[in-house]
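Report on the structure given below.
Here is how names work: the chains are called A, B, and so on, in the same order as the sequence lines, proteins then strands, and each is numbered from 1. Just so you know, these numbers come straight off a predicted model, no measurement behind them.
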Number of protein chains: 2
Amino acid sequence: MAEAATREKALQEAELACARRGAQLTPLRRQVLELVLGAEAPIGAYALLDRLKSSRPGAAPPTVYRALDFLLEHGLVHKVERLNAYIGCSDAGHGHAHDHGHPHQFLICRRCGATMEIADHAVAHAIAEAAARAGFVAVEATVEIEGICARCAAT
Amino acid sequence: MAEAATREKALQEAELACARRGAQLTPLRRQVLELVLGAEAPIGAYALLDRLKSSRPGAAPPTVYRALDFLLEHGLVHKVERLNAYIGCSDAGHGHAHDHGHPHQFLICRRCGATMEIADHAVAHAIAEAAARAGFVAVEATVEIEGICARCAAT
DNA sequence: GGGTCGATGATATAGTGTTTCACCCGACTG
DNA sequence: CAGTCGGGTGAAACACTATATCATCGACCC
Ligand SMILES: [Zn+2]
Ligand SMILES: [Zn+2]
Ligand SMILES: [Zn+2]
Ligand SMILES: [Zn+2]
């Protein structure tokens with residue numbers, strides 16, 4: 001995520017989305033979301049915990065994991081499996097109730113660690129087709145593409 | 001993996017592939033590969049360690065992780081990130097030297113845990129295209145599709 | 001013999017995630 | 001009002017996954 005203004009907007013969209021879905025974005029959950037959005041790159045649970053401790057000294061692993069579970073459940077953050085880290089959804093608030101997540105893919109730069117979320121329809125379609133050809137009913141797909149980002153390639 | 005005969009064949013192909021590449025498939029590495037291939041589903045490193053201990057009492061985490069590193073490096077096994085588990089490559093031995101891996105995708109059944117490797121060209125192509133559109137040079141992609149397998153859907 | 005290199009043994013430690021029990025508080029109920 | 005039920009949080013311990021470090025061994029070469 002980027003500028004403070006962008007984060008503020010994302011937080012407000014998150015509040016709206018939660019309100020629409022009848023989910024409670026409590027102060028703790030909102031704070032964890034804020035930390036995720038404020039990180040320069042996908043951030044690990046224990047890094048989040050460290051930052052959380054400055055304002056909540058009693059915080060423990062379950063504190064952050066429970067908040068992350070909520071945020072994941074409601075599509076406000078995603079987990080990057082290859083990094084064991086979490087990143088704010090770049091298109092949050094556009095899901096309906098009971099719609100836990102949307103098709104998405106990550107581009108992870110090997111050089112600088114920057115991670116960008118994309119939502120490529122052709123990729124999602126190809127995946128659904130490939131699964132169907134194997135008689136498989138696809139529900140959700142993790143797509144994490146590692147390589148060199150445009151910025152790093154330019155240097 | 002499946003039948004003992006299939007495993008035997010995969011092991012022999014692995015030996016050939018290593019010979020071609022000048023890599024040493026030592027007894028330890030071969031045994032770990034055998035354990036991975038013999039598992040019913042993707043198997044975790046510590047589960048491998050437990051099984052390994054029956055014949056090598058002194059085995060410790062680095063024992064199995066080093067063997068896995070070798071097998072991963074040479075494309076004989078893959079890691080399933082969503083499961084923190086390892087699975088034998090269903091198309092091993094078809095890579096050239098310095099070719100660490102081939103495009104592949106996994107279909108993971110939520111019900112029974114069965115995990116199948118596929119190598120769908122359309123998916124790989126769509127991913128490369130999507131990355132290129134973002135100015136990104138894709139090097140490797142993790143694609144893990146979760147859903148319901150044909151067998152489970154039939155019940 | 002001495003030197004080097006890759007593989008393994010062995011111990012300790014780091015990083016990631018879960019279980020469990022307790023407490024609080026707001027809502028609903030008799 | 002007392003009771004109770006649920007979700008959210010606090011707190012401690014634990015389980016699971018992976019790596020760092022140093023020592024040892026044997027093969028190969030000079
Ligand atoms: Zn998203
Ligand atoms: Zn970069
Ligand atoms: Zn493969
Ligand atoms: Zn199944």
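- By the ring-ring contact (aromatic ring centres under 6.0 Å, His included) test, B:Y65 is found to be paired with no residue, residues two or more places apart in sequence or in another chain being considered.
- Through direct or relayed side-chain contacts under 4.5 Å between Ile, Leu, Val, Met, Phe, Trp and Tyr, B:I127 connects to A:L107, A:M116, A:I118, A:V123, A:I127, A:F136, A:V143, A:I145, B:L107, B:M116, B:I118, B:V123, B:F136, B:V143, B:I145.
- Among the heavy atoms of the strands lying under 4.0 Å from B:A60 is at least one base atom, whether or not backbone atoms are also near.
- Residue pairs meeting the salt bridge (Lys or Arg N to Asp or Glu O under 4.0 Å) criterion with at least one partner in residues 57-72 of chain A, sequence neighbours excluded, are absent.
- Listed by chain and residue number, nothing satisfies the salt bridge (charged side-chain N to carboxylate O under 4.0 Å, His left out) test with B:E117 (two or more places apart in sequence, or in another chain).
- With sequence neighbours left out, A:E146 forms a salt bridge (charged side-chain N to carboxylate O under 4.0 Å, His left out) with A:R82, A:R110.
- With rounding to whole Å, B:L25 atom CG is found 13 Å from C:dA7 atom C1'.
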Practice item. Spell out protein contact along nucleotides 12-22 of chain C as letters: B when the base is contacted, S when just the sugar-phosphate is, - when no protein heavy atom is under 4.0 Å; keep the 5' to 3' order. Key: ----BBBBB--
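- You can see that DNA chain D meets the heavy atoms of chain A within a 4.0 Å-exclusive cut from D:dG7 to D:dA12, reading 5' to 3'.
- Take A:R151 and apply the salt bridge (charged side-chain N to carboxylate O under 4.0 Å, His left out) test, not counting sequence neighbours, and it matches no residue.
- Sorted by first and then second residue, the salt bridge (Lys or Arg N to Asp or Glu O under 4.0 Å) pairs with a member in residues 45-61 of chain B form an empty list; sequence neighbours excluded.
- Counting only distance, with no hydrogens or angles, the side chain of A:E15 and the backbone of A:L25 share no donor-acceptor pair below 3.5 Å.
- Between B:Q24 and the phosphate of C:dG6, there is no side-chain N or O to OP1/OP2 separation shorter than 4.0 Å.
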